[in-house]
Amino acid sequence: MSDLYAVMGNPINHSKSPQIHSAFAEQTGQDLIYSAILVPLEKFKDEADSFFRNGRGLNVTVPFKEDAWQYADTYSSRALRAGAVNTLIKKENGLIHADNTDGVGLVRDITRNHLCSIDGKRVLVLGAGGAVRGILEPLLEEKPTEVVVANRTVSKAEALAQDFANIGKISGCGFDKIDGQFDLVINGTSASLGGELPPIPDTAVHLETVCYDMMYGAGLTVFNQWAQSLNVAATIDGLGMLVEQAAESFSIWRGISPDSKAVIANIRASLNPS
Ligand code: NDP
């Protein structure tokens, strides 16, 4: 019988995870079935209990990443610090182990797929929600000279910076206090979802800046349109991050690393049919 995996969320019908994991399984010859499960709000624990009677691993997306954290028995260090997880695996002893692969996904997309080093760079992160919390540890481990987290609700940016201060130089502020130029700017707000641009000053970027929007879609995001209008060196969207976080989950579950580049290209083509 095939091993069972799934992604749980609400909503879930937009999820590309079944497509991505099926492609990884085919590519690596792994016998598994990966499905998408719509979970009613307040029902995460019941659905996860039911899934893990036979299932091997789960991805978890909005709005259940904190519920999944609560559900787990053991954690990777990055998951423990993030307080939110997107990957669960049932161990042979029956315990549920949790990981957060979002940050690794982001860092791999930037450094491996786009060959952009973070080491020694001044980095600005916009937003202080669940996704940003998940990326800060892997980001700081790349040894940027400084990370500034700017958020609409300033107290959340300050609190996040405090939580990660022992890994590297990091501070939190409001958008109006963004000061100087940055080499890498990561948009981790959900403003793009509503077609809005976070209030970032044009002076935050220079001609060598790389801008990364964690959101993706057909065409350029609003944030990347803004970045291109300022002639930055490169704009990247979050599709690569999505596929790379999935690749890391797949490797945790199956012990084999899939080739993400071909899958990124296929999904990109399906977003922009010619
Ligand atoms: P949350 O709801 O946890 O956080 C949203 C953040 O966006 C908060 O910091 C919020 O500020 C800020 N925000 C919302 N609207 C605006 C606005 N109009 N102007 C300025 N700031 C705003 O969301 P997540 O952290 O889970 O997700 C954030 C983004 O990351 C989404 O676009 C999501 O699609 C993307 N993402 C991409 C992934 C990928 O694999 N590519 C993986 C995970 C997330 P405040 O605190 O003040 O409310």
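This one's a predicted model, so the numbers in the text were calculated from it and none came from an experiment. Indexing begins at 1, ligand by ligand and atom by atom, following the structure's order.
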If you measure every N or O of [X] against every N or O of ligand 1, does any of those distances drop under 3.5 Å?
X    : answer
E196 : yes
K65  : no
P199 : no
V62  : no
N151 : yes
A128 : yes
G127 : no

Of all the non-hydrogen atoms in the protein, which one sits nearest to [atom], and at what distance?
atom                    : result
atom 33 (C) of ligand 1 : L193 CD1, 4.9 Å
atom 12 (C) of ligand 1 : T189 CB, 3.8 Å
atom 44 (C) of ligand 1 : A131 CB, 3.5 Å
atom 19 (N) of ligand 1 : A191 CB, 3.8 Å
atom 42 (C) of ligand 1 : M241 CE, 3.8 Å
atom 46 (O) of ligand 1 : K156 NZ, 2.7 Å
atom 3 (O) of ligand 1  : G130 N, 3.0 Å

Answer yes or no: is there an ion pair linking D3 with R56, defined by an N-O contact shorter than 4.0 Å?
-> yes
Using a strict 4.0 Å threshold on nitrogen-to-oxygen distance, state whether E248 and R78 make a salt bridge.
-> yes
Check whether the ring centres of W253 and H21 lie less than 6.0 Å apart, and answer yes or no.
-> yes
Is the shortest distance from atom 28 (C) of ligand 1 to a protein heavy atom below 4.0 Å?
-> yes
Return yes when at least one protein heavy atom is under 4.0 Å from atom 23 (O) of ligand 1, and no when none is.
-> no
Polar side chain donor-acceptor pair, [X] to [Y], under 3.5 angstrom:
X    : Y    : result
D259 : Q27  : no
S192 : N187 : yes
D99  : Y75  : no
W226 : D202 : yes
D237 : T221 : no
D102 : N86  : yes

Who gets closest to atom 13 (N) of ligand 1 by heavy atom: E244, M214, R152?
-> R152
Please work out which of S190, G238, G195 has its closest non-hydrogen atom nearest to atom 6 (C) of ligand 1.
-> S190
Close approach, S192 and ligand 1, non-hydrogen under 4.0 angstrom | no
Does a side-chain heavy-atom distance below 4.5 Å link [X] with [Y]?
X    : Y    : answer
I264 : V243 : yes
L242 : Y216 : yes
F164 : V147 : no

Please could you name the atoms of ligand 1 that [X] approaches to less than 4.0 Å, counting only its heavy atoms?
X    : answer
G188 : 28 (C), 29 (C)
G129 : 3 (O), 4 (O), 9 (O), 25 (O)
T153 : 45 (P), 46 (O), 47 (O)

Who pairs with D67 by salt bridge (Lys or Arg N to Asp or Glu O under 4.0 Å), at least two apart in sequence or on another chain?
-> none
Sort and list the pairs that fulfil ring pair (Phe, Tyr, Trp, His ring centres under 6.0 Å) and have at least one residue in residues 192-212, not counting sequence neighbours.
-> none
Side chain, backbone, both or neither: which part of L242 has a heavy atom under 4.0 Å from ligand 1?
-> both
